[in-house]
Peer 1: 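Quick one: the structure is below, questions incoming.
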Number of protein chains: 2
Amino acid sequence: MAGPRPTIKDVAALAGVSKSLVSLAMRGSDRVAPASAAAIQSAANQLGYRPNAAARSLADRRSNTIGVLVQDLHNPISAEIIDGVQRQVRASGYHTMLVTGSEDAALEQSEIEKLLEFQVEGLVVIGHRMPAGVRDAITGDCPTVIITRAESEIAGLDSISNNDIVGARMAVDYLHGLGHRAIAHVTGGDNQVALMRKSGYEEAMISYGLAKNIACYEGAFTDEGGYRGTSAALASKYQHSAVFVANDLAAVGALAAVADQGLGVPEEISIIGYDGMALGGLRSIGLTTIAQPLASMGEDAAALLFQRINDPGRLPVHIELEPRLVIRNSTGVYHG
Amino acid sequence: MAGPRPTIKDVAALAGVSKSLVSLAMRGSDRVAPASAAAIQSAANQLGYRPNAAARSLADRRSNTIGVLVQDLHNPISAEIIDGVQRQVRASGYHTMLVTGSEDAALEQSEIEKLLEFQVEGLVVIGHRMPAGVRDAITGDCPTVIITRAESEIAGLDSISNNDIVGARMAVDYLHGLGHRAIAHVTGGDNQVALMRKSGYEEAMISYGLAKNIACYEGAFTDEGGYRGTSAALASKYQHSAVFVANDLAAVGALAAVADQGLGVPEEISIIGYDGMALGGLRSIGLTTIAQPLASMGEDAAALLFQRINDPGRLPVHIELEPRLVIRNSTGVYHG
DNA sequence: CTTGAAAATTGGAACGGTCCAACAAAGCGT
DNA sequence: ACGCTTTGTTGGACCGTTCCAATTTTCAAG
């Protein structure tokens with residue numbers, strides 16, 4: 001239909017008032033006479049007027065927008081965290097601009113760059129890698145919070161994560177309690193989170209006097225990585241009876257690997273994952289796991305961000321939540 | 001550090017040139033003398049200058065941004081489609097602004113509203129519901145394409161989907177070929193896509209002379225919905241030997257329901273899903289399904305969008321892709 | 001040198017809003 | 001009717017860019 005979109009000026013002309021008044025009215029100011037307000041409303045509707053966010057954000061010098069970088073959209077836990085972030089961001093009257101990262105650091109950096117050009121007032125990073133460009137963002141005065149990764153010394157950067165070391169220990173504790181001794185670990189790569197889960201595993205094994213049983217197989221935070229690592233574990237000369245897999249997505253791959261070897265879960269091999277993704281709760285998967293409170297982590301992260309927006313100078317905050325063991329069907333007692 | 005962010009003016013002052021020249025240089029024009037370009041670059045770096053997208057988009061009268069509305073971020077197929085969309089959007093030099101929808105129509109509409117205020121140049125809707133607000137968007141001159149839902153008569157709206165009726169028929173064909181006769185269907189709600197899959201099922205059943213065996217159980221496009229519907233199917237007096245579930249996510253729930261009844265898949269019950277989500281391919285799930293080419297649908301959708309952006313007047317295009325049967329472990333021959 | 005064309009640079013007017021100080025109108029007590 | 005406050009309304013400057021016409025500089029040819 002349209003030609004150029006109607007502006008505030010067009011509305012003003014039609015309603016027979018000044019553009020300033022329209023501006024006030026559109027934002028619901030109470031200084032506008034009811035009659036004028038009505039006239040303006042009807043003029044706006046008639047023209048199909050819609051405020052121009054670019055102009056507004058230019059004049060305001062604020063965008064009312066929070067940028068979200070999701071490093072791995074394919075991991076279902078991302079969706080769960082995003083839900084929480086969105087809920088909180090919306091509740092605060094802001095909007096969300098979401099971009100996806102990738103293994104390609106340069107691309108990821110350019111995505112952050114874009115967010116900053118849009119003058120986002122804050123940045124939420126969901127993932128375990130520290131993206132190039134985040135430092136720039138922060139020193140460029142953009143409050144940032146990172147989820148699922150602990151970070152405490154960088155000024156202007158808050159973080160929220162669970163205690164991966166404790167969580168990994170819980171996994172081993174639980175398996176040990178079931179009688180397992182030859183407990184393998186399939187790793188999640190060399191990012192900080194994966195490394196902490198690995199240390200937790202090693203520490204726990206050592207504390208049970210099982211140092212010699214420590215066996216790490218290289219995996220990744222993907223289904224494929226879990227499959228690969230677990231296949232290697234099963235093919236090894238050690239007779240592992242249980243595998244602690246670095247995250248749930250990989251653990252689903254691990255289940256596949258076990259099945260492919262013709263072994264039964266949990267009769268012959270117990271599998272425990274990490275994260276607590278909702279999908280793992282389905283009976284057809286039934287994955288025992290160390291769960292993080294994903295949605296509330298998202299909410300808390302956004303809350304943290306708004307606190308920092310209101311008080312930019314404050315010291316970095318790191319919230320660390322306790323993970324919790326969720327027992328399902330992929331683990332069972334050891335019968336040698 | 002910062003105080004107010006540096007603007008093009010600050011860069012100009014430092015480099016000793018006019019702001020116009022900086023503007024040119026920042027966009028890589030070849031009309032700028034190499035010496036000036038270098039001076040400007042270095043001034044920009046020194047100040048940490050970053051263009052203001054709001055100002056640019058205001059002056060340009062274009063945002064260089066495509067809005068994406070994802071109705072169900074929790075369905076893993078969304079991530080796969082998004083990947084495709086992003087790839088194509090990036091390749092065209094645009095950016096992506098992603099928002100999530102929800103069951104709440106009002107909220108969804110307001111999200112679209114936001115995208116439009118941001119002057120997005122196009123809109124991609126991923127999902128099977130037609131969101132309130134999309135019509136406004138289109139009549140407001142915003143090119144739109146909708147993915148996974150067929151739509152062909154609305155001017156300005158392109159769509160891309162697979163042929164759900166054919167796909168559903170394929171599912172029944174395959175199960176029939178395996179010897180199944182008492183084939184149940186767990187529905188995906190009352191959205192258009194779910195209804196088409198249901199019709200395809202019914203048509204196929206009728207064409208095999210199995211009209212009396214038609215049995216639909218109410219489900220939803222969620223794991224929980226699949227669980228519920230399948231549980232009902234198994235509890236019914238009909239001795240179903242196979243279930244065609246409306247989508248993969250629900251089919252995973254269906255697998256759980258079958259397991260909970262202590263039945264074996266595929267020995268006693270065959271399950272077939274729809275969509276072809278990557279997760280279903282894992283051996284631990286091993287879901288037989290009717291697959292759509294998700295990533296390429298995303299790419300094609302974005303491509304369609306750009307075509308319409310360049311030629312707004314053209315007639316609505318609907319691309320319909322053929323689904324394809326992917327056989328895995330959740331289906332087997334009937335042995336009555 | 002001069003000259004004209006090409007190359008490089010510039011100032012100022014948009015873009016569509018918000019904000020502010022100033023002004024007009026209306027209400028009110030006396 | 002009188003100031004005085006309160007309530008409504010307005011024009012114009014400004015936000016940080018891009019664009020354009022106009023200007024200055026450079027340079028090769030005569």
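Residue numbering restarts at 1 for every chain, and letters A, B, ... go by the order of the sequence lines.
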Peer 1: Compare the minimum distances between each of dT9(C), dT18(D), dT18(C) and the side chain of Leu24(B), then state the nucleotide with the smallest one.
Peer 2: dT9(C)
Peer 1: So which nucleotide from dG16(D), dT9(D), dT18(C) ends up closest to the side chain of Ser23(A)?
Peer 2: dT18(C)
Peer 1: For the pair made of CD1 in Ile8(A) and P in dC15(C), what is the distance, rounded to whole Å?
Peer 2: 14 Å
Peer 1: Counting side-chain heavy atoms from CB outward, which of dG17(C), dC15(C), dT17(D) is closest to Ala55(A)?
Peer 2: dG17(C)
Peer 1: In whole angstrom, give the distance that lies between atom CD of Gln119(B) and atom P of dT17(D).
Peer 2: 18 Å
Peer 1: Do Val120(A) and Cys142(A) have side chains that get closer than 4.5 Å, going by heavy atoms?
Peer 2: yes
Peer 1: Please give, in whole Å, the distance from dG16(C) C1' to Arg5(A) CZ?
Peer 2: 13 Å
Peer 1: Would you kindly give the CG-to-P distance between Leu58(A) and dA13(D), to the nearest whole Å?
Peer 2: 17 Å
Peer 1: Under a 3.5 Å cutoff, is there a donor and acceptor pairing between the side chains of Gln86(A) and Thr100(B)?
Peer 2: yes
Peer 1: Is there a donor and acceptor pair, one atom on the side chain of Lys19(A) and one on the base of dT18(C), closer than 3.5 Å?
Peer 2: yes
Peer 1: From C-beta outward on Leu21(B), which listed nucleotide comes closest to its side chain: dG8(D), dT17(D), dT9(C)?
Peer 2: dT9(C)
Peer 1: What is the distance from CG of Asn64(B) to C1' of dT17(D), rounded to the nearest Å?
Peer 2: 14 Å
Peer 1: Do any side-chain nitrogens or oxygens of Arg61(A) fall under 4.0 Å of OP1 or OP2 in dT18(C)?
Peer 2: no
Peer 1: Checking only heavy atoms, does the side chain of Ser18(B) share a donor-acceptor pair with the base of dG11(C) at less than 3.5 Å?
Peer 2: no
Peer 1: Please report the closest heavy-atom contact between Met130(A) and Glu151(A), naming both atoms and the distance.
Peer 2: SD-OE1, 4.3 Å
Peer 1: Check the orientation of Tyr94(A) and Phe306(A). Use parallel for under 30°, tilted for 30 to 60°, and perpendicular for over 60°.
Peer 2: tilted
Peer 1: The helix from dC1(C)-dG30(D) to dC28(C)-dG3(D): angle between its terminal axes, five pairs each, to 10°?
Peer 2: 50°
Peer 1: Taking all atoms of both residues into account, what is the closest heavy-atom pair of Val193(A) and Thr148(A), and its distance?
Peer 2: CG2-O, 2.9 Å
Peer 1: As a test of reading the structure: which of dT9(C), dT9(D), dT18(D) is closest to the side chain of Ala59(B), going by heavy atoms?
Peer 2: dT18(D)
Peer 1: Does Arg27(B) put a side-chain nitrogen or oxygen below 4.0 Å from OP1 or OP2 of dT18(D)?
Peer 2: yes
Peer 1: Taking atom CD of Gln71(A) and atom CG of Asn191(A), what is their separation to the nearest 0.5 Å?
Peer 2: 9.0 Å
Peer 1: Check every atom of dG12(C), dC19(C), dG16(C) against the side chain of Asn52(A) and return the nucleotide holding the closest atom.
Peer 2: dG16(C)
Peer 1: Rounded to the nearest Å, what distance is computed from the CZ atom of residue Arg31(B) to the P atom of nucleotide dT25(D)?
Peer 2: 18 Å
Peer 1: Counting only distance, no hydrogens or angles, is the base of dG12(C) paired donor-acceptor with the side chain of Ser20(B) under 3.5 Å?
Peer 2: yes
Peer 1: Between atom NZ in Lys9(A) and atom P in dT10(D), what is the gap in whole Å?
Peer 2: 15 Å
Peer 1: Can you check whether Arg56(B) has a side-chain N or O nearer than 4.0 Å to OP1 or OP2 of dT18(D)?
Peer 2: yes
Peer 1: Below 4.5 Å, heavy atoms only, C-beta onward: do Glu108(A) and Leu69(A) meet side chain to side chain?
Peer 2: yes
Peer 1: How do Val22(A) and Val17(B) order along DNA chain C: which one's closest nucleotide is nearer the 5' end?
Peer 2: Val17(B)
Peer 1: At under 4.0 Å between heavy atoms, what does Ser57(B) touch on the DNA or RNA strands: base, sugar-phosphate, or nothing?
Peer 2: nothing
Peer 1: Can you tell if the side chain of Leu14(B) reaches within under 4.5 Å of the side chain of Gln46(B), non-hydrogen atoms only?
Peer 2: yes
Peer 1: Would you mind classifying the nucleic acid contact of Arg50(B) as base, sugar-phosphate or nothing, using non-hydrogen atoms under 4.0 angstrom?
Peer 2: sugar-phosphate
Peer 1: Starting from P on dT17(D), measure out to CD on Glu117(A) and report it in whole angstrom.
Peer 2: 10 Å
